[in-house]
Every structure is written in C-alpha cells, then in structure tokens.
Protein chains: 2
Amino acid sequence: MPFTAYDSETCSIARTLALVGDRWSLLVLRDVANGVRRFDELADHLGVARNVLSERLRRLTAAGLLDRVPYQDEGARARHEYRLSGPGRELAVLLVAFLTWGDRHLAGPQGPPAVIRHADCGAPVHVTLRCEDGHDLGPRPRLRLEPGPGSRPRA
Amino acid sequence: MPFTAYDSETCSIARTLALVGDRWSLLVLRDVANGVRRFDELADHLGVARNVLSERLRRLTAAGLLDRVPYQDEGARARHEYRLSGPGRELAVLLVAFLTWGDRHLAGPQGPPAVIRHADCGAPVHVTLRCEDGHDLGPRPRLRLEPGPGSRPRA
DNA sequence: CCAGCTGGGTTTCACAACACAACCCATCCG
DNA sequence: CGGATGGGTTGTGTTGTGAAACCCAGCTGG
C-alpha cells in the first residue's frame with residue numbers, strides 16, 4: 001500500500017500546518033510563551049502588520065491555542081491579554097525542534113542566538129526521538145510513516 | 001533583560017520558519033522522506049500548483065535540504081529526482097512534532113490518520129524533551145528562552 | 001469639561017504570493 | 001514521422017500581506 005494512496009491533507013502534519021504553518025503564528029506563540037502577551041508589544045516586537053496580528057490572534061484563540069484573558073492595570077480600564085492554553089503549551093516541543101534545527105544549521109559563527117533552558121533547573125533542553133522499544137533514534141532517524149486508524153484513501 | 005529587547009528575526013525559530021514556514025515546504029519534505037521523489041508524483045499527491053512546487057524544490061535544494069539526483073529508468077532518458085540530504089533528514093524530528101501535536105488535538109474520533117514507526121524495529125516513535133540534568137519535561141514543559149552568544153539587541 | 005494620550009484593535013488600499021490552466025521542450029517509442 | 005512522458009515555464013486571475021489611517025473607550029491634565 002504505497003504512501004501516495006493516502007490523502008495528503010488528512011495527515012496530522014498537514015492539519016497542524018494548516019493551523020500554524022504560516023510565517024507568523026508560531027512566532028506569536030513563541031512570544032506569548034516568553035511573556036509577550038499584549039497586542040502592542042507583539043506588534044512591536046514581531047514587526048507584523050497589525051491587521052495580520054489581529055487575525056492570527058483571533059484564529060489561534062478560536063482554535064484553542066491561546067486564551068484571551070481580561071486584566072486591569074491600576075488606573076487603567078479593563079483590557080485583554082493572550083496566554084497559552086494547555087494545547088498551546090504543548091506546541092513548545094515544536095518550537096524547540098525549530099530552534100534546535102536552526103541552531104545546528106543556520107547559526108552564525110558566534111553561536112546560537114538563543115538558548116532554551118528548563119525553567120525549574122536551568123539546564124539546556126534538547127528534543128529527542130525515542131521509540132516504544134526504548135531505542136534512542138538520534139538526529140537522523142530512520143522512520144516509516146504508515147496509515148493509521150483515521151487514514152483515508154485518496155479521491 | 002527582557003525578551004523583547006532581542007531581535008525577533010535573529011532567533012533560530014524565526015530563521016527556520018523563514019526557510020520552511022510556508023504551507024508546502026514541510027509537506028514536500030514529508031513526501032520526499034516517504035519515498036515520493038519525482039516532480040509529477042509530488043504535484044499529484046500534494047495537490048500543489050506545479051509552479052509553486054518547482055519554486056519550493058529549487059529553494060529547498062539551494063538551502064541544502066534536498067539533493068537533486070540524476071537517475072535513469074530503462075528505456076527513458078536521464079532525469080532528476082529529489083532526496084533528503086543530511087540536514088533534511090534532521091528535520092524529521094520537526095515533522096514528528098507536528099504529527100504528534102496534530103494526533104493529540106486535531107484527530108477525528110477514529111484516531112490518528114498516520115503512525116510513525118522506527119524503521120529498524122517497527123515500534124511507534126515519540127518525541128520528548130529532556131534537559132541536560134536528565135529531567136524528562138513532559139508534554140507541557142516549563143521553559144525559558146534566553147539570549148545566547150549569537151543574540152543581537154533590537155534596532 | 002474638553003483635549004489629548006494610550007491600548008487595542010478595524011478599515012482601506014496597493015502589492016506580492018499563490019492557484020489553475022495552458023504551453024513548451026527534449027527524448028524515447030512505434 | 002507522430003505521439004506520449006517527465007519536468008518544468010508562462011500567462012492570468014484570486015487570495016494573502018503590509019503600511020498607514022482611522023476608530024473607540026476611558027483615563028489624565030489643564
């Protein structure tokens with residue numbers, strides 16, 4: 001049963017890409033994960049057009065990756081800020097994977113522009129692949145993608 | 001030193017996204033990783049416009065993620081196919097991260113549309129975060145992104 | 001009490017990226 | 001010679017993106 005017999009768009013990779021696979025969504029999530037939670041701060045730090053930011057925040061909120069939380073600074077009116085939801089925090093591994101690859105292949109001679117640490121112990125964090133038999137798969141794993149129970153044949 | 005004081009684009013996440021952060025590049029790499037190597041097969045399976053596929057293949061090849069390899073079927077003239085290079089294979093962890101998140105949050109009631117297995121032993125593969133102190137960080141890790149040696153302050 | 005500032009957006013419009021279909025070209029086969 | 005492939009390139013409209021202007025509510029200073 002060749003891989004091409006299965007519908008490309010049904011794949012979880014394709015579905016996840018359809019949600020966050022544009023140039024801004026993951027950067028928005030990165031910034032929110034790092035404490036940048038307000039519209040203006042995000043627009044300013046990312047350099048994204050405000051309408052695009054507005055649309056992305058709406059989309060990520062609707063998809064349940066961000067929560068829109070009211071807050072109130074003293075002497076200011078009530079406003080909203082954006083925080084990672086549970087599913088949003090689970091995208092962290094994806095961000096770490098991006099960062100790790102970029103550090104290995106796109107960093108300049110001075111070294112990586114940023115380092116991710118475990119907030120509890122301060123040690124640098126790495127992403128690894130393991131199979132259920134306990135093998136560590138290393139950086140260039142040999143994988144097979146197989147149809148699962150939710151697969152669909154192509155039209 | 002707040003996170004916002006550092007340039008957003010210098011980050012390895014941003015750099016990697018600039019390379020593969022569009023709706024097709026990672027799907028092209030997924031298909032190539034699964035043995036779909038020829039232009040027509042890719043265009044047909046992905047449903048991508050041929051000019052877009054052409055441009056993506058050129059870009060991924062130029063960036064060193066794909067190798068353009070000549071081959072010759074019997075009774076046919078010499079042609080090219082695309083294969084993952086070393087750096088390209090290292091993106092596998094990224095694909096697994098996308099797949100895992102999608103399986104957990106976007107799969108239908110029937111279960112995940114695809115399963116990734118270790119090609120050597122056949123067991124399903126998972127992606128995990130570990131810090132250098134040996135802690136397993138679980139699906140919702142607490143992380144800190146800090147400026148590294150290659151960081152740059154913002155303009 | 002009115003003017004202005006600030007955070008958090010929405011609207012408008014020009015332009016770049018994309019999708020679709022058609023076309024091209026070299027080569028092999030009959 | 002005429003067609004059939006694989007592997008693209010070249011149009012032409014449609015969608016997505018970005019810059020800048022505008023809006024609105026509520027505080028703050030005069």
Side-chain angles (χ1 to χ4, degrees), chain A residues 2 4 7-9 14 17-29 31-32 35-63 66-83 154-155, chain B residues 2 4 7-9 14 17-29 31-32 35-63 66-83 154-155:
Chain A
T4 46
D7 182 34
S8 168
E9 294 174 48
L17 274 170
L19 192 57
V20 297
D22 63 285
R23 273 218 320 303
W24 294 114
S25 292
L26 285 173
L27 293 177
V28 169
L29 293 164
D31 272 27
V32 171
V36 185
R37 298 196 229 274
R38 271 114 117 139
F39 189 92
D40 273 19
E41 289 176 330
L42 286 165
D44 179 50
H45 186 236
L46 293 173
V48 59
R50 298 160 69 84
N51 57 347
V52 174
L53 177 59
S54 175
E55 198 272 337
R56 289 300 181 280
L57 289 171
R58 203 167 28 236
R59 219 149 60 86
L60 293 173
T61 304
L66 293 179
D67 292 326
R68 196 155 180 271
V69 181
Y71 74 94
Q72 185 152 24
D73 286 348
E74 10 203 335
R77 78 178 188 283
R79 298 174 185 289
H80 298 93
E81 65 180 15
Y82 298 89
R83 299 199 194 168
R154 282 222 289 158
Chain B
T4 46
D7 183 35
S8 167
E9 294 175 46
L17 274 171
L19 192 57
V20 298
D22 63 285
R23 272 214 322 300
W24 295 113
S25 292
L26 285 173
L27 293 178
V28 169
L29 293 164
D31 272 26
V32 172
V36 185
R37 298 195 229 274
R38 270 114 116 140
F39 190 93
D40 272 20
E41 289 176 330
L42 287 166
D44 179 47
H45 185 236
L46 293 174
V48 58
R50 298 159 72 84
N51 55 350
V52 174
L53 177 59
S54 177
E55 198 272 338
R56 289 300 180 281
L57 289 171
R58 204 166 28 236
R59 219 150 59 87
L60 294 173
T61 304
L66 293 178
D67 291 328
R68 196 156 180 270
V69 181
Y71 74 94
Q72 186 152 25
D73 286 347
E74 10 204 335
R77 76 179 190 282
R79 299 174 184 290
H80 297 93
E81 64 181 15
Y82 298 89
R83 299 199 194 168
R154 283 223 288 159

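Chain letters run A, B, ... following the sequence lines, proteins first and then strands; every chain starts at 1.
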Which atom pairs link the protein and nucleotides 14-16 of chain C when you take only N or O atoms and keep those under 3.5 Å?
none

Has [X] got a side-chain N or O lying under 4.0 Å from the OP1 or OP2 atom of [N]?
| X | N | answer |
| --- | --- | --- |
| B:Y71 | D:dG7 | yes |
| A:Y82 | C:dG9 | yes |
| B:R23 | C:dA19 | yes |
| B:W24 | C:dA19 | yes |

Hey, could you give me the [atom1]/[atom2] distance between [X] and [Y], rounded to the nearest 0.5 Å?
| X | Y | atom1 | atom2 | answer |
| --- | --- | --- | --- | --- |
| B:T4 | A:L46 | OG1 | CG | 10.5 Å |
| A:L17 | B:L27 | CG | CG | 5.0 Å |
| B:E9 | B:R154 | CD | CZ | 10.5 Å |
| A:D67 | A:E81 | CG | CD | 11.0 Å |

Rounded to whole Å, please give me the gap between [atom1] in [X] and [atom2] in [N].
| X | N | atom1 | atom2 | value |
| --- | --- | --- | --- | --- |
| A:D44 | C:dG8 | CG | P | 13 Å |
| A:H80 | C:dG8 | NE2 | C1' | 10 Å |
| B:D22 | D:dT17 | CG | P | 11 Å |
| A:R79 | C:dG7 | CZ | P | 7 Å |
| B:E41 | D:dG8 | CD | C1' | 15 Å |
| A:D40 | C:dT6 | CG | P | 11 Å |
| A:H45 | C:dG7 | NE2 | P | 17 Å |
| B:R38 | D:dG7 | CZ | C1' | 12 Å |

query: Under a 4.0 Å heavy-atom cut-off, which of residues 46-61 of chain A touch DNA chain C?
result: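 Result for residues 46-61 of chain A: A:R50, A:N51, A:S54, A:R58, sorted by number.
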A:R68 vs A:Y82, side-chain contact (heavy atoms from CB on, under 4.5 Å): CA-CA, chis, key distance, verdict: CA-CA 5 Å; A:R68 196 155 180 271; A:Y82 298 89; 3.2 Å; yes
Kindly give the heavy-atom pair with the smallest separation between [X] and [Y], and that separation in Å.
| X | Y | result |
| --- | --- | --- |
| B:Y71 | B:R38 | OH-NE, 3.2 Å |
| B:A14 | B:S8 | CB-O, 3.4 Å |
| B:V28 | B:L66 | CG1-CD1, 4.5 Å |

Pairs under 3.5 angstrom only: tabulate donor-acceptor contacts from the side chains of residues 50-63 of chain A to other protein residues two or more places apart or in another chain.
unit_1: A:R56; atom_1: NE; unit_2: A:D22; atom_2: OD2; d: 2.8
unit_1: A:R56; atom_1: NH2; unit_2: A:D22; atom_2: OD2; d: 3.4
unit_1: A:T61; atom_1: OG1; unit_2: A:L57; atom_2: O; d: 2.6

